[in-house]
Amino acid sequence: MSNVDPNAAAVERILLSAPDVGDLDRQALLRAFDEGWIAPLGPELNGFEAELCDYTGAAACAGLSSGTAALQLGLQLVGVEHGDEVVVQSATFAASAFAAVHAGAVPVFCDSDAATWCMDPEVLHQFLSERAAVDRLPAAVMPVDLYGFVPDYERLVEVCTEFGVPVVEDAAEALGSIVSEGKHAGTFGRVGVYSFNGNKIMTTSGGGAMIGDPEMVAKARWLASQAREDHVWYEHLEIGFNFRMSNLLAALGRSQLASLEDKVKRRSEINRVYREQLPQLAWAPAGVTERPNNWLSVGLLPAGIDPMEVCVQMSAQGVESRPFWKPMHQQPVFAGNEMIGGDVSNELFARGLCLPSGSVMTEAQQERVIATLAAILG
C-alpha cells in the first residue's frame with residue numbers, strides 16, 4: 001500500500017453521504033410553518049404517512065422521532081418484555097441493538113451469510129432449534145437490511161414462522177430497495193422500520209417511521225403520544241413515550257419522498273461507476289435484492305489491507321470514508337452477550353470500506369474519490 005502525503009491540501013471535503021436538499025424542500029418547510037402546525041401533529045404528518053404507504057405498499061405507517069424509537073416500539077408491540085432475548089444481526093449500526101436494550105431485552109447476536117452480508121437464516125435456524133429443545137426461544141428476531149441489501153427473507157420468515165417468533169425488520173438503511181415482484185424492503189416482518197437521519201437516502205433531518213398492520217400502527221401512534229386516554233383530563237393506563245414526528249419535519253419528508261426515485265437512480269449510478277473503475281474491491285453482493293437503493297457503496301479491500309488505515313489516508317486527502325460496521329459482538333458494551341457464528345461479520349469488518357455515495361456528489365468528485373483510493377492501493 002503506497003503512502004499519500006498527509007499534508008496535501010484538498011480543494012474540498014467530499015462527505016460520505018451528505019443530505020440532498022434543495023429549494024423544494026425549503027418551500028415544503030415554509031408551507032408547514034405558514035400553516036401554523038408547529039406541534040408534533042398536523043396535516044403534513046398525516047400526508048407523509050399516507051404517501052409512505054403508497055410508496056412502499058404498507059397497510060399503515062406511523063411517523064416517529066427516530067428509527068431507534070420505531071424499533072423500540074416495534075419490539076414492544078410484538079410482545080417483547082423486560083428480560084426477554086431478541087436475536088439481532090451482529091453486522092449493523094449500534095441502534096439496532098440499543099433499541100432491544102431500550103425495550104428491556106437482552107440482545108443475542110447472529111452472524112451474516114456470504115450471499116447477502118445480512119442475517120444468516122441457517123445459523124438462525126440452528127439456534128432456534130436448540131432453544132426450542134430447552135423451551136427458551138427468543139421473543140423476537142431483528143434482521144437488518146444492510147446498506148440497502150436485504151437478507152433472504154423468504155427463508156428467514158419461514159424459519160421464524162416454524163418456531164412462532166415474530167420478525168421486526170430493521171430497514172433503516174433500505175428505503176427504496178425492492179426485492180422480487182416489486183416488494184419493498186421494510187414489508188417482510190410484522191413490523192418494518194425506516195430511518196430519515198441526515199445521512200440516509202432521504203432525510204427529515206431526524207426521524208423515522210414504523211410500518212405494519214393498521215391495528216399495530218394505531219397502537220404505536222398512541223404509545224408514541226404519551227399513551228393518553230380519551231378523556232378531557234390527562235389519563236394514563238400505560239407508560240407512553242414522546243416519540244411522534246413533528247409536522248414540520250414531515251413536510252420535509254413529503255418533499256424528499258417525492259424525489260426519492262431520483263436519489264436511488266443517482267446512487268445506483270455512483271455504485272456502477274465504482275464497480276467498473278475499482279475492480280480491486282469485492283463489492284457487496286446483490287443477493288436476493290432486485291433493486292438495492294445503494295445507500296452506501298461498500299466493498300471488501302484486498303486481503304492484508306487495513307480499512308482503518310485507508311480511511312485515515314483518504315481523510316487526509318479530503319475524502320470521507322468509513323469501515324464496515326463493527327459487529328455488535330465485538331463492541332465493548334456487549335462483551336458479555338451471546339454470539340451465534342461470527343466468521344462472516346468479522347471478515348466484513350476486517351476488510352470492508354464504505355465510499356462517498358451521496359446523490360449530491362458530482363462526477364468530478366467521484367473521479368477524485370476513485371483516484372485517491374487507487375493511489376492508496378497502489
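The first residue in the sequence is number 1, and the count goes up from there. Scope of the values below: all heavy atoms of this structure, side chains included, with no hydrogens, waters or symmetry mates.
Ser177 places a side-chain N or O within 3.5 Å of a backbone atom of Asn293 that can act as its donor or acceptor partner. Side-chain atoms of Asp306 come within 3.5 Å of backbone atoms of Met308 as a donor-acceptor pair (strictly under, hydrogens ignored). A donor-acceptor contact shorter than 3.5 Å links the side chain of Asn247 to the backbone of Glu44. One N or O on the side chain of Asp111 and one on the backbone of Ser345 form a donor-acceptor pair closer than 3.5 Å.
In summary, Lys183 and Glu290 do not engage in a salt bridge, as defined by a charged side-chain N under 4.0 Å from a carboxylate O. Glu261 and Arg266 are not joined by a salt bridge, as no carboxylate oxygen comes within less than 4.0 angstrom of a charged side-chain nitrogen. Using a cutoff of 4.0 Å between basic side-chain nitrogens and carboxylate oxygens, Glu169 and Arg190 are not scored as salt-bridged. Taking a cutoff of 4.0 Å between a charged side-chain nitrogen and a carboxylate oxygen, Arg322 and Glu320 qualify as a salt bridge. Salt bridge status for Lys200 with Glu173: absent, with no side-chain N to carboxylate O gap under 4.0 Å.
The aromatic rings of Phe334 and Phe109 stand perpendicular to each other, their planes meeting at an angle above 60°, with 30° marking the opposite boundary. Using cut-offs of 30° and 60° on the angle between ring planes, the pair Phe324 and Tyr147 is perpendicular. Ring geometry for His184 versus Tyr55: interplanar angle over 60°, hence perpendicular rather than tilted (30 to 60°). Relative ring orientation between His236 and Tyr234 is described as parallel, the plane-to-plane angle staying below 30° on a 0-90° scale split at 30° and 60°.
Listed here is the closest heavy atom pair of Val360 and Gln365: O-OE1, 4.0 Å. Closest of all the heavy-atom pairs between Leu156 and Pro121 is CD2-CA, 3.8 Å. Closest approach of Pro107 to Asn337, counting heavy atoms only: O-ND2, 2.7 Å. Considering every non-hydrogen atom in both Gln256 and Asp20, the closest pair reads NE2-O, 2.8 Å. What you find for Gly63 and Arg244 is that their closest heavy atoms are O-NH1, 3.0 Å. Considering all non-hydrogen atoms of both residues, Gly207 and Met245 come closest at CA-CE, 4.1 Å.
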Exercise for the section: Please assess Arg291 against Ser268 for the test side chain to side chain donor-acceptor pair (under 3.5 Å), listing each intermediate value before the final yes or no. Expected result: CA-CA 9 Å; Arg291 202 277 302 265; Ser268 297; 6.0 Å; no

Practice task
Would you check, one step at a time, whether the test salt bridge (Lys or Arg N to Asp or Glu O under 4.0 Å) holds for Arg221 with Glu49?
Solution key: CA-CA 11 Å; Arg221 290 196 191 104; Glu49 290 172 341; 3.5 Å; yes

Problem - Steps toward salt bridge (Lys or Arg N to Asp or Glu O under 4.0 Å) verdict (Arg275, Glu269) - result: CA-CA 10 Å; Arg275 288 173 184 263; Glu269 174 63 15; over 6 Å; no

Handout entry: From CA spacing to verdict: side chain to side chain donor-acceptor pair (under 3.5 Å), Glu122, Gln126
Key = CA-CA 6 Å; Glu122 303 315 319; Gln126 178 65 29; over 6 Å; no

Practice task
List the steps and the verdict of side chain to side chain donor-acceptor pair (under 3.5 Å) for Gln313 and Glu309.
Solution key: CA-CA 6 Å; Gln313 293 200 45; Glu309 175 63 23; 3.1 Å; yes

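At a threshold of 4.5 Å between non-hydrogen side-chain atoms, the residues Asp145 and Pro151 count as touching. In this structure, the side chains of Leu71 and Asp170 come closer than 4.5 Å at one or more pairs of heavy atoms.
Residues that satisfy the salt bridge (charged side-chain N to carboxylate O under 4.0 Å, His left out) test with Glu276, not counting sequence neighbours, are Arg272. Remark: Glu347 pairs with Arg351 by the salt bridge (charged side-chain N to carboxylate O under 4.0 Å, His left out) rule, at least two apart or across chains. Not counting sequence neighbours, Glu35 has no partner by the salt bridge (charged side-chain N to carboxylate O under 4.0 Å, His left out) test. Residues meeting the side chain to side chain donor-acceptor pair (under 3.5 Å) test with Glu238, sequence neighbours left out: none. Take Glu158 and apply the salt bridge (charged side-chain N to carboxylate O under 4.0 Å, His left out) test, not counting sequence neighbours, and it matches Arg155.
Summarising the geometry, atom OG belonging to Ser321 is positioned 11.0 Å from atom CG belonging to Leu296; distances are rounded to the nearest 0.5 Å. Expressed to the nearest 0.5 Å, how far CG of Leu146 lies from OG1 of Thr116 amounts to 8.5 Å. One distance of note links CD of Gln280 with CG of Leu377; it measures 5.5 Å at 0.5 Å rounding. A distance of 12.0 Å separates OG1 of Thr289 from CH2 of Trp117, quoted to the nearest 0.5 Å. To the nearest 0.5 Å, the span separating CG on Leu257 from CZ on Phe196 amounts to 8.0 Å.
Residue Leu15 shares its hydrophobic cluster (ILVMFWY side chains chained together at separations under 4.5 Å) with no other residue.
Glu338 and His329 form no side-chain donor-acceptor contact under 3.5 Å, judged by distance and modelled atom types alone. Ser297 and Arg267 share no side-chain donor-acceptor pair at under 3.5 Å. There is a side-chain donor-acceptor pair under 3.5 Å between Asn346 and Gln330.
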